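Notes follow the structure.
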Amino acid sequence: MSKVGVIMGSKSDLPVMQDAIDILKELNIDVEVDIVSAHRTPEKLFDYGKHAHTRGFSVIIAGAGGAAHLPGMIASLSPLPVIGVPVKSSNSIDGWDSVLSILQMPGGVPVATVALNGAKNAGILAAQIIGSSNSDVLNAIIEYKEGLKAKVIESSKNL
């Protein structure tokens, strides 16, 4: 069974990150949620990053606002794919500081980055990564995308 780690820099990020948690649960993917602050709990960050692959995780989704170092630091420590969610937080400069902090990673330390507050897409991307080697998850993604298509067609008919 594949598992996704969803981490965030502080509890204030949870309303945004809940979208990733919800879509992963909808797709029947096991999720473990935690708060791991790059700046306030660096020891926890190092432990999480270095050992996530031994704890059954397949993908890590890391959300952070402001300076947003969490996704990049986790990616520097873990061999797993990391998806960064820039969060527009109260101390953010219109969210651009978070976007650029996560997006502009040096060569060798990739972080897949979704849109500002785009946690739902992070969850879908994590599921697609898992689905590349898990047919149950792949079929759930196919069904989910067919549902999106059906909603658009229905909306079009109702114009």
Side-chain angles (χ1 to χ4, degrees), residues 2-40 45 48-49 52 57-134 137-155:
S2 298
K3 181 168 60 171
V4 174
V6 176
I7 57 175
M8 62 207 81
S10 69
K11 189 175 180 180
S12 65
D13 299 331
L14 184 57
V16 169
M17 299 305 290
Q18 190 65 50
D19 288 342
I21 297 162
D22 292 345
I23 192 67
L24 288 165
K25 287 182 178 180
E26 181 181 329
L27 296 168
N28 294 315
I29 296 172
D30 192 21
V31 182
E32 186 176 302
V33 182
D34 203 354
I35 296 170
V36 181
S37 172
H39 303 109
R40 294 174 294 240
L45 176 141
Y48 190 98
F57 293 112
S58 299
V59 180
I60 300 169
I61 298 173
H69 291 122
L70 179 61
M73 288 301 298
I74 286 294
S76 75
L77 296 164
S78 179
L80 298 175
V82 175
I83 303 168
V85 178
V87 176
K88 186 176 179 185
S89 58
S90 60
N91 67 339
S92 183
I93 305 168
D94 291 331
W96 279 109
D97 47 350
S98 305
V99 171
L100 295 174
S101 293
I102 297 171
L103 188 64
Q104 292 297 112
M105 292 301 299
V109 188
V111 174
T113 309
V114 296
L116 186 65
N117 291 347
K120 183 174 186 176
N121 275 351
I124 293 167
L125 180 57
Q128 289 175 316
I129 292 168
I130 292 167
S132 69
S133 61
N134 178 319
V137 175
L138 180 63
N139 288 330
I141 287 289
I142 292 168
E143 185 177 315
Y144 175 79
K145 290 194 172 211
E146 285 297 320
L148 294 176
K149 177 181 163 183
K151 286 179 187 175
V152 170
I153 291 170
E154 188 61 31
S155 294

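Since this is a predicted model, take the numbers as computed values, not measurements. Note: hydrogens, waters and symmetry copies are ignored here, and every other heavy atom, side chains too, is used.
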Open item on the list: The test is side chain to side chain contact (heavy atoms under 4.5 Å, CB included); show your working for I21 and L14 and say whether it passes.
Closed with: CA-CA 10 Å; I21 297 162; L14 184 57; 4.0 Å; yes
Task: Partners meeting salt bridge (charged side-chain N to carboxylate O under 4.0 Å, His left out) with E32 (sequence neighbours left out) - done: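 Listed in chain order: K3, R55.
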Heavy atoms only: give me the nearest [X]-[Y] pair and the separation to one decimal.
X	Y	answer
P71	A68	CD-O, 3.6 Å
A127	L24	N-CD2, 4.4 Å
P81	S58	CD-O, 3.3 Å
D13	G9	OD2-N, 3.3 Å
Y48	I60	CE2-CD1, 4.1 Å
G84	V111	N-CG1, 3.5 Å

Point-to-point distance, once rounded to the nearest 0.5 Å, from [atom1] of [X] to [atom2] of [Y]:
X	Y	atom1	atom2	result
W96	L116	CH2	CG	8.5 Å
S89	N117	OG	CG	9.0 Å
I102	T113	CD1	OG1	6.0 Å
N121	I23	CG	CD1	9.5 Å
M17	S10	CE	OG	11.0 Å

- [ ] Any pair with a residue in residues 62-84 that passes side-chain hydrogen bond (donor to acceptor under 3.5 Å, both in side chains), sequence neighbours left out, goes on the list, sorted by first then second residue, please.
- [x]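 Every side-chain hydrogen bond (donor to acceptor under 3.5 Å, both in side chains) pair that includes a residue of residues 62-84, provided the two are not neighbours, is H39-H69.
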Open item on the list: Before you tell me yes or no, could you show the steps for I7 and I35 under side chain to side chain contact (heavy atoms under 4.5 Å, CB included), namely the whole-Å CA-CA distance, both residues' side-chain angles and the distance that decides it to 0.1 Å?
Closed with: CA-CA 5 Å; I7 57 175; I35 296 170; over 6 Å; no
Within the distance-only criterion (no hydrogens, no angle test), does the side chain of [X] pair as donor or acceptor with the backbone N or O of [Y] below 3.5 angstrom?
X	Y	result
N134	I130	no
D22	D19	no
S98	K88	no

Identify all side-chain donor-acceptor contacts of residues 138-150 below 3.5 Å with residues at least two apart in sequence or on another chain.
| unit_1 | atom_1 | unit_2 | atom_2 | d |
| --- | --- | --- | --- | --- |
| N139 | ND2 | S135 | O | 3.1 |
| Y144 | OH | K120 | NZ | 3.4 |

TODO: With side chain to side chain contact (heavy atoms under 4.5 Å, CB included) as the test, would you mind laying out the steps for L125 and I129 before giving the verdict?
DONE: CA-CA 6 Å; L125 180 57; I129 292 168; 4.3 Å; yes
Task: Test log, rule side chain to side chain contact (heavy atoms under 4.5 Å, CB included), inputs L45 and L70 - done: CA-CA 8 Å; L45 176 141; L70 179 61; 3.5 Å; yes
